[in-house]
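Structure first, commentary second.
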Amino acid sequence: MDAAEVEFLAEKELVTIIPNFSLDKIYLIGGDLGPFSPGLPVAVPLWLAVNLKQRQKCRLLPAEWMDVEKLEKMRDHERKEETFTPVPSPYYMELTKLLLNHASEDIPKADAIRTLIKDLWDTRIAKLRVSADSFVRQQEAHAKLDNLTLMEINTSGAFLTQALHHMHKLRTNLLPSESAPSQDF
């Protein structure tokens with residue numbers, strides 16, 4: 001799975017908008033949406049929220065966790081813990097990127113939020129690299145990936161897969177082959 005596919009999955013996450021138009025309930029394969037009334041909040045998938053925002057048909061409300069104080073606490077907690085801590089959304093990075101790219105004017109303190117999310121991401125990726133390095137050095141056979149998001153796994157997945165493949169090749173070349181003729185007499 002690549003980054004674009006992970007972002008596609010993130011676009012199914014529900015966000016709250018305040019529409020400036022009226023429309024009855026719409027029936028989609030993924031579920032019913034609406035009804036839409038001007039000034040009344042409604043939850044819609046991110047893909048629809050971005051589309052409506054681009055057409056100036058709504059205002060986006062930030063997710064509950066998109067608050068500077070909450071994000072500072074999350075970042076500080078992540079830095080203190082050795083293991084990965086739970087994140088506010090399995091798609092926190094993708095949601096933040098899409099919301100801030102398309103509706104930063106609707107989100108208070110958007111620049112501070114962008115910086116805090118980047119700090120949280122950098123901390124988690126650094127932890128992931130240290131964990132992967134330890135995993136490879138100790139020649140482990142499996143790892144526990146609690147509290148990692150798809151995008152975080154995707155970021156290091158290709159490298160880790162290649163590293164494990166090369167380790168496997170090295171190990172199999174070091175072991176004597178059972179089919180090779182023995183030199184014992």
Side-chain angles (χ1 to χ4, degrees), residues 1-79 84-129 145-159:
M1 183 174 293
D2 66 0
E5 292 171 318
V6 176
E7 190 172 298
F8 174 78
L9 293 174
E11 290 176 353
K12 295 178 185 177
E13 288 289 297
L14 293 179
V15 295
T16 304
I17 63 166
I18 298 181
N20 57 15
F21 63 94
S22 291
L23 184 66
D24 288 334
K25 187 179 274 195
I26 54 176
Y27 302 95
L28 302 174
I29 292 172
D32 303 342
L33 301 174
F36 299 89
S37 300
L40 294 178
V42 63
V44 298
L46 182 60
W47 64 266
L48 180 59
V50 167
N51 181 280
L52 291 171
K53 179 64 182 174
Q54 288 172 335
R55 295 188 297 140
Q56 300 177 351
K57 296 287 186 185
C58 73
R59 225 173 18 98
L60 279 133
L61 295 179
E64 181 184 309
W65 52 267
M66 277 192 169
D67 175 69
V68 171
E69 291 78 26
K70 289 180 182 177
L71 288 172
E72 284 173 342
K73 286 179 184 174
M74 279 184 238
R75 180 202 57 197
D76 295 341
H77 184 60
E78 187 71 44
R79 287 178 176 170
F84 294 96
T85 59
V87 288
S89 165
Y91 302 105
Y92 76 96
M93 190 65 175
E94 301 84 28
L95 287 172
T96 303
K97 178 185 159 218
L98 289 167
L99 288 174
L100 292 179
N101 284 349
H102 296 285
S104 60
E105 66 278 1
D106 293 346
I107 299 172
K109 301 181 183 176
D111 290 334
I113 288 171
R114 187 184 318 261
T115 302
L116 288 166
I117 289 292
K118 180 75 169 106
D119 289 348
L120 181 63
W121 172 266
D122 290 342
T123 301
R124 292 175 65 84
I125 293 301
K127 264 189 203 181
L128 189 55
R129 287 187 183 128
L145 301 176
D146 290 346
N147 298 321
L148 283 175
T149 66
L150 275 176
M151 190 63 83
E152 292 164 346
I153 293 169
N154 184 52
T155 299
S156 64
F159 162 75

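Partners of D76 under the salt bridge (charged side-chain N to carboxylate O under 4.0 Å, His left out) rule, at least two apart in sequence or in another chain, do not exist in this structure. Remark: D24 pairs with no residue by the salt bridge (charged side-chain N to carboxylate O under 4.0 Å, His left out) rule, at least two apart or across chains. Partners of D67 under the salt bridge (charged side-chain N to carboxylate O under 4.0 Å, His left out) rule, at least two apart in sequence or in another chain, do not exist in this structure.
Note: L48 CG to L28 CG = 8.0 Å, rounded to the nearest 0.5 Å. A distance of 9.5 Å separates CG of D119 from CD of E72, quoted to the nearest 0.5 Å. In this structure, the separation between CE on M93 and CD1 on I117 is 7.5 Å, given to the nearest 0.5 Å. For the atom pair CG of L46 and CZ of F8, the computed distance is 12.0 Å after rounding to the nearest 0.5 Å. Note that the CZ atom of R75 and the CG atom of L71 stand 9.0 Å from one another [nearest 0.5 Å]. The structure places NZ of K73 at 14.5 Å from OG1 of T85, a figure rounded to the nearest 0.5 Å.
Between N51 and K57, the closest side-chain pair of non-hydrogen atoms is not below 4.5 Å. Residues M151 and Y91 have side chains not in contact (no heavy-atom distance under 4.5 Å, counting atoms from C-beta outward). Residues V6 and M1 form a side-chain contact, since some pair of their non-hydrogen atoms from C-beta on lies under 4.5 Å apart. Side-chain contact check for I17 versus L61: every heavy-atom pair is 4.5 Å or farther apart. A 4.5 Å side-chain heavy-atom check between E152 and Y92 finds at least one atom pair inside the cut-off. Side-chain contact between T155 and L128 is absent, with no heavy-atom pair separated by less than 4.5 Å.
Between L95 and A10 the shortest heavy-atom distance is CD2-O, 4.1 Å. The shortest heavy-atom contact between L40 and P19 is O-CD, 3.2 Å. The minimum heavy-atom distance between I18 and P41, with the atom names listed, is CG1-CA, 4.3 Å. When all heavy atoms are compared, the tightest approach of V44 to L33 is CA-CD2, 4.4 Å. Between N154 and D2, the shortest heavy-atom contact is ND2-C, 3.5 Å. Minimum interatomic distance between N101 and R114 (heavy atoms only, all atoms of both residues): OD1-NH1, 3.8 Å.
Pairs passing the ring pair (Phe, Tyr, Trp, His ring centres under 6.0 Å) check and including a residue from residues 22-67, sequence neighbours excluded, read F21-F36. Every pair passing side-chain hydrogen bond (donor to acceptor under 3.5 Å, both in side chains) that includes a residue from residues 7-22 is listed here, sequence neighbours excluded: E7-K97.
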Under 3.5 Å, which donor-acceptor pairs link side chains of residues 102-109 to any protein atom two or more places apart or in another chain?
unit_1 : atom_1 : unit_2 : atom_2 : d
H102   : ND1    : Q54    : NE2    : 3.3
E105   : OE2    : K53    : NZ     : 3.0
D106   : OD1    : K53    : NZ     : 3.3
D106   : OD2    : K53    : NZ     : 2.9
D106   : OD2    : L60    : N      : 2.9

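Dense packing is recorded around CZ of R79, with more than 12 heavy atoms of other residues, nucleotides or ligands lying under 6.0 Å away.
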From CA spacing to verdict: side chain to side chain contact (heavy atoms under 4.5 Å, CB included), L150, E94: CA-CA 10 Å; L150 275 176; E94 301 84 28; over 6 Å; no
